[in-house]
There are 2 protein chains.
Amino acid sequence: MSTRPEVSLAQRKRELVSNELTEAALQLLALKGFDGVTIDEIAAAAGVSKRTFFRYFASKEDVVVQFLAEMGAGIRTELAGRPAGEPPSVALRHSVSVSVAACAGHSDRALRVVQLILGTPALHARFLERQAHWRDELATELAHRLDLDRATDLYPQLAAGMALTAFDTVLQRWSGSDGAEDPAVLSDRAFAIIAPALDRAAQA
Amino acid sequence: MSTRPEVSLAQRKRELVSNELTEAALQLLALKGFDGVTIDEIAAAAGVSKRTFFRYFASKEDVVVQFLAEMGAGIRTELAGRPAGEPPSVALRHSVSVSVAACAGHSDRALRVVQLILGTPALHARFLERQAHWRDELATELAHRLDLDRATDLYPQLAAGMALTAFDTVLQRWSGSDGAEDPAVLSDRAFAIIAPALDRAAQA
DNA sequence: CGCGCCTTGACACCAAGTGCCATGCAGGGC
DNA sequence: GCCCTGCATGGCACTTGGTGTCAAGGCGCG
């Protein structure tokens, strides 16, 4: 077969169902709002049962939030790939910019998903919680990069938090302007503001 | 009667029930964990019905999170009260320090509540969402203080976000050390790191 | 062919919320 | 004193998110 033989049929089937589910969910949720759609509806639209839905996603929020989950890992791996000598502000700016650009460029669906998240308290809450995990991972990566001790030094945690604050602000502006404002420009402006703390404090 | 007559009896009754409810909730939740307690249990412990519980709190998370809600408003009013000439880093540091100190000094119950929140994903999510509101209000206050335009300038939003990141980090350390580390010291250390961005960018 | 593994659907079940209505209690006017 | 109005409550039914359990079906493998 032309499709990679090293991936088992069962796994490809799993992925197919998962895609069908997210597809149906995003479509319906964007159309009727988060509370206007039941899980049964989503499952039915994807041609599976409610029980199966929960075998793929832990909660209703999860379908939406997991759609953006790759971004978190993306930022971290991007950061890990930056040259070692680069100042934190530059490394972090690139890491965030690349990820947000990848998301924004993907399709205008990303925009609608972000707007849905930011406009739905329950989704926003879950999204922020996931961001908290990103922050932790970013902090670890930063500590490793700069050879700092996370247990005593507050810098890694704060720097990661600042970078994600910038990320958040960019997302908010971007979705608020209906995609009109350029995420890359917004990122640069945001990081220009927080950079003094990112770099000056690193060598303290 | 000695109790202020300008407050109607009905209102005092409402407050009494509300207190009873939070009391019962915090006690039970700290004891058996967030998922180990049902609303019926909490309501029964407070001597009311489940239906009445939801007339006082919007959700199970709300009881816990609202217990710390005053802090958000506290930070903002504290900021509003700082002298106009004060640099943002100092004003924000004081605003956050005072609020967190008020919380920490209140009782060791505050510590247990914070630990409960940070250790329970559902609660943490709600807490972060509430913080997002604080950030918005703080940003507005900052924009007003510095006579900036929130619609164009990214600084207010970012500065508020950085301050709350510091706040978050302090809370995390404080709860992680079981209250051993001094919140005031932690706040100072955190703000020392973010201050360069807070002050330098303000006059850009 | 027959044997296990994995996925699914169906069903029952619990807990979070919500709408609705009846009841009871306080205060205010007559 | 009596009624009437407003409000807080409780009980109840109902929807929905989410989970445990079990039986049935497809698929690979010897």
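Chain naming here is simple, since letters A, B, ... match the order of the sequence lines and numbering starts at 1 in each.
Spacing between atom CZ of A/Arg14 and atom P of C/dC6 amounts to 12 Å, rounded to whole angstrom units. Note: CD (B/Glu41) to P (C/dC14) measures 15 Å, nearest angstrom. Residue B/Phe57 contributes atom CZ, which lies 16 Å from atom C1' of C/dA16 at whole-angstrom precision. Spacing between atom NZ of A/Lys50 and atom P of D/dG20 amounts to 13 Å, rounded to whole angstrom units. C/dA26 atom P lies 6 Å from atom NZ of B/Lys13, rounded to whole Å. The distance between atom CG of A/Asp40 and atom P of C/dC11, rounded to the nearest whole Å, is 13 Å. What separates CG of B/Leu16 from C1' of D/dA8 is a distance of 14 Å, to the nearest Å. Straight-line distance from the CG atom of A/Leu29 to the C1' atom of D/dT16: 14 Å, rounded to whole Å.
Salt-bridge check for A/Arg112 with A/Asp178: failed, with every basic side-chain N at 4.0 Å or more from each acidic carboxylate O. A salt bridge is defined here as a Lys NZ or Arg NE, NH1 or NH2 lying under 4.0 Å from an Asp or Glu carboxylate O, and B/Arg189 with B/Asp182 fails to meet this definition. One finds no salt bridge joining A/Asp62 and A/Arg126 here, because no Lys/Arg side-chain nitrogen approaches an Asp/Glu carboxylate oxygen to under 4.0 Å.
No N or O donor and acceptor, one from the side chain of A/Lys60 and one from the base of D/dG18, sit under 3.5 Å apart.
Two residues are said to be in side-chain contact when any heavy atoms from C-beta on lie closer than 4.5 Å; A/Ile42 and A/Val63 fail this criterion.
Ranked by how close their nearest DNA chain D nucleotide is to the 5' end, A/Arg55 and A/Ile39 are led by A/Ile39. Between B/Phe54 and A/Val48, the residue anchored nearer the 5' end of DNA chain C, judged by the nucleotide with its closest heavy atom, is A/Val48.
Side-chain nitrogen and oxygen atoms of B/Tyr56 include at least one within less than 4.0 Å of the OP1 or OP2 phosphate oxygen of D/dT9. Considering only side-chain N and O atoms, B/Thr52 lies under 4.0 angstrom from the phosphate OP1 or OP2 of D/dG10.
Of the candidate nucleotides C/dG17, D/dG18, D/dT9, D/dG18 has the atom lying nearest to any side-chain atom of A/Glu61. If you check D/dC12, D/dG17, C/dA16 against the side chain of B/Arg51, the one that comes closest is D/dC12.
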Donor-acceptor pairs under 3.5 angstrom involving side-chain atoms of residues 73-83 of chain B: please list them, not counting sequence neighbours.
unit_1  : atom_1 : unit_2   : atom_2 : d
B/Arg76 : NE     : B/Glu141 : OE1    : 3.1
B/Arg76 : NH2    : B/Glu141 : OE1    : 3.2
B/Thr77 : OG1    : B/Ala73  : O      : 3.2
B/Thr77 : OG1    : B/Gly74  : O      : 3.1
B/Arg82 : NE     : B/Glu86  : OE1    : 2.9
B/Arg82 : NH2    : B/Glu86  : OE2    : 2.8
B/Arg82 : NH2    : B/His94  : ND1    : 3.3

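Within 4.0 Å of B/Phe53, counting heavy atoms only, lies no atom of the nucleic acid at all.
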